[in-house]
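In what follows, chains are A, B, ... by sequence order, proteins preceding strands, each numbered from 1.
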Amino acid sequence: MSDELYDKLCQSVVDGEPEEAAELAQMALDQGLDPLDCINRGLTPGIDRVGELFATGDYYLPDLIIGGDAMKAALAVLEPALTQGRERQIVARVVLGTVQGDLHEIGKTLVGTMLTANGFQVTDIGVDKPASEFVAAVKDSGSTLVGASALLTTTMLHQQDVIEALKEAGLRDKVKVMVGGAPITETWADKIGADGYAEDAISAVALAKKLVSG
Amino acid sequence: MPNIQPIRSRYRFEVLSGDQVRAIQDATLEVLDQVGIHIPSPRALDVFAQNGAAIDAERQIVRLAPDLVRQALAQAPRSYTLAGRVPGTELYLDGAATYAGTDGCGTQTVDFDSGVQRPSCKDDVAKMARVSDYLSSVSFYWPMVSAQDFGPLAPLHELDAAFNNTVKHVQSETVMGQASARYAVRMAEVIAGDRARLRANPPFSMLICTIAPLAQDKEGIEAGMVYAEAGVPVGFMAMPNMGATAPAVPGGALVVGNAEVVAAMVLMQLVAPGAPVFYSLLASVMDPHTADYIVAIPEKYLCNAAAVQLAHDWGVPVLAGAFGMDAAEPATWELGRDSVYTALMVPLAGADMITGGGMLKASTLLVPEQLIYDDEIYHTHRVLLEGIETSAEALAVDVIQAVGPRGHYLGQRHTRRHLRDIWIPALTHPRPAAPDHAQTDIRCRAKAQLDRILAEHQPEPLERAAQDELRAILEAARQESGA
Ligand code: B1M
C-alpha cells in the first residue's frame, strides 16, 4: 500500500499537479506513513525525473516549474510532521536576487528554479533589490550562498555593493557569492571579489555545488 | 546633402482585421481598468491621482478607466517631425514613409582592427555614427553600444559621440532618471539652437522600455515626464515574452504589451498635453528550455506587424523592430532568413520607424560590418515595396518599337536614363574600381566597404561652440554625480 502511495506522490510531481500532491501527502500522513520516507521515496525521485525530462528536452520550463510547485505543495504538508533527527537533506540555502535598479527577472528566476530542482533551498528576494536586502535575507534564512544577478552594464556595479555590504555586516567569510547576467564575465567577478561566475543556469548549479562543498 | 532614403510602400499589409483590432483594444482597456499597472514613481502616481485614476498607493498600482485613456490619447499627435542638426535630415512621421535606424545599446564590440570581441566603448559609438551618417538606409541613429569607458555617465557620453559624428536624428534608449534626462535635454537644446527650436524640430528623441508584465521602471517613467515636458518625442517599448513575461499566446502578449505602452503614453499626455509620443511593442516567444527571448520566430513577426495597427488605431506613430537577430555570426543562412522577415513585414504594415540594424546575438554584439549587410537588405525591401510603375515612360512602348524584334537596348537613351534609377546590390555586384572588387568572399567585401566609409566619410562637423557646450554639460553632469 505504501509503495503505491510513494509512486503516486512521485507521479504527481512528474505530472505537475500541486493540489493532488498535497492531497496525497495528507493521505500518507493519515495512513501513518513516515514523512521522510514520503519525501525520499516519493517526491525526490519525482523531481529527479522532472529534471531528467527537462535535460533531454522533453519537458519545457513550465513543466519544470510546476513540477517544483507540486513538490513544494507536498513538502508544505510533510515538513511540519518531520520528527527531530529525521529532517530533509538540502544541499545548501541560497539567497538569490537581481540587484538595485535592475528589473530583469527571467534569468534570475531560471537560476533559482534549477537550484531548487537540484536540492538547494532558495530564498528569491526578487528584482531591484538594494544590497541591504541581500544581507537581511542572508541573516533571516541562514544561507551560506548569495547569488546576485545583473543584466545592465549600469547595474552590474551594484554586485560589488552586495559584496561590500556583506563585508560590513561581518558575513563575508560565512557566505560564498556568485554573480551572473548577460554583461558579466569571469574578469568582472574576479575584479569585484566574487567567488564565482556562471554563464547560464546549468553552470550556475554546478558552480553553486562547487562553492558550498569547497 | 544628408543621405536618407526612406521606404515608401505602395502596399498595406494588415495582420489583424478591424474586429480583431477592436477585440485587442477592448481587452487592453479591460486590463487597464481591472488589473492596472505597477508604477513605482510618487510623481507619476500623483499625476494619475489628480486626473481621477484609481490608485492603490501601497502597491503602487494605477487603474485607468477607458474614458481617461481615450481622452488622454486623443491629445497625442498622430504626425510630427523628427529633425537632425542640418536641413534635409527631417523625418516626417505622417504615415507616408518608413524610416530606419540602427540597433542600440550593445555591450560587446568586434574590434574594428583586430576583429577580437571586447567590451564596448565611446569610440565605437562615434565610429558607427559616422558609418550611419554615410549610409542612406539609416535615417536616425541609436548609439549602437554602451560607452562603458564612462561608467554611470555612459548614456550622456553616448549622446555626445552621436551628436558629434552624425548630422542625422539621434534617438537614445539609455538616458534614464530625471537628473540625467535634464542634462540630455540641455544637450539637445544646444544641437537644436534653443528651447523653442528643440520643440519645433527635435534633433533628439527617446525610447523607454516598459516592464513586462504590466509595470513601468521608475527611472524610465520619470525621465519620460521630463522629456515630454521639454517637447522631446518619447516612445515606450514593451517586450512581453510569451511564456515568461506574457501568456504563451500572441493575442495575450499583445494585450499585455499594449496595456503597458498605453499607460505610459497616457501619463505623458496628462503631464504635457499634446506631447509627441510614439508606440513600440516587440512581443516574442520564450525559448522553452533556456527562457531566452527568441528574436527570430514567426509569432514575433506577426506581433510586430499587429503592433503597427494597434499604434495607428490609437493615433500615434510607431517604432517597430527589424533586424537585431539571434545569430552570432554575420553572413549566415540563419541571419539572412531572419532579417528578411522582420525587416520586410513592418514597413509593409506601415511602420513609421524601424530599428535594429547592425547588431547580432539578440542586440548585444556589435559587428560593425553587419550594418553594411543590413543596408543591402533594407534597400532590397525599399525597392520591393515601391512596386512597379506603369506610366508611358515606364512601359516604354516607343523604345520597344524603336528596337523591334532582336537587337538590344544597350544603346538607347531611355536605357541610359533609367538603368541609373535601378538600385544595384553592391555587395554582390561591386563597381570595378571599388576597393572590395577583387575580393570574392562577401565578408571581406563588407569589411572593405566599412573600412572605406570610415577612412573617407566625414560628416559635417558640429560647430566648435556647440562641441564646447556639450563638453561643459558633460562636465557639470560629472561633478553632480561625483564620478
Ligand atoms: C547569481 O548567479 C547567477 C548566475 C547566472 C545568471 C544569473 C545569476 N543571472 C543570469 N544568469 C545567467 O543564467 C540565465 C539563464 O541561462 C541567463 O540569464 P539572462 O537574463 O541573460 O537570460 C534570460 C533567461 C533571458 N533573457 C532575458 O530575459 C533578457 C533579454 C533582453 C532582450 C531584455 C529584456 C527581455 C528586457 N529588458 Co532589457 N533586455 C536585454 C536582453 C538582451 C539579451 N539578449 O540578453 C538587455 C539586457 N536590456 C537592455 C536595456 C538597455 C534595457 N532593458 C530594459 C528593460 C527590459 C524589459 C523589461 C523590456 C525586459 C525584461 C522583462 C523582465 N520582466 O525580465 C530597460 C532597463 C529596465 C531596468 N531598470 O532593468 C533598458 C534600459 C531599456 C530601456 N530603454 O528602458 C540592454 C542592456 C544594455 C547594457 N548596456 O547593459 C540589453 C542587453 C538589450 C539591448 N541591447 O538593448 C544568464 O545571464
**Message:** Does anything in residues 108-126 of chain A reach chain B? List residues with heavy atoms under 4.5 Å apart, or say none.
**Reply:** A:L110
**Request:** Tell me the residues of residues 147-175 of chain A whose non-hydrogen atoms fall below 4.5 Å from those of chain B, in number order.
**Result:** A:T153
Against chain A, label [X] side chain, backbone, both or neither, depending on which of its atoms sit under 4.5 Å from a heavy atom there.
| X | value |
| --- | --- |
| B:T364 | neither |
| B:A244 | both |
| B:E219 | neither |

**Request:** Under the side-chain hydrogen bond (donor to acceptor under 3.5 Å, both in side chains) rule, collect the residues that match up with B:T210, sequence neighbours excluded.
**Result:** B:E260
**Asked** Which of residues 281-297 of chain B get closer than 4.5 angstrom to chain A, counting heavy atoms alone?
**Response** B:M286, B:D287, B:P288, B:H289, B:T290, B:A291
Within the supplied structure, the quantity of interest is the number of heavy atoms (other residues, nucleotides, ligands) at a distance under 6.0 Å from [X] [atom1]; does it exceed 12?
| X | atom1 | value |
| --- | --- | --- |
| B:F112 | CZ | yes |
| B:E475 | CD | yes |
| A:E199 | CD | no |

**Request:** Could you have a look at A:A182, A:P183, A:G57, A:P62 and say which one has the most heavy-atom pairs with chain B under 4.5 angstrom?
**Result:** A:G57
**Asked** chain A: which of B:K218, B:M176, B:Q108, B:Q148 shares the most heavy-atom pairs with it under 4.5 Å?
**Response** B:Q148
**Message:** Do B:T245 and A:I106 make a side-chain contact, defined as non-hydrogen atoms from C-beta onward lying under 4.5 Å apart?
**Reply:** yes
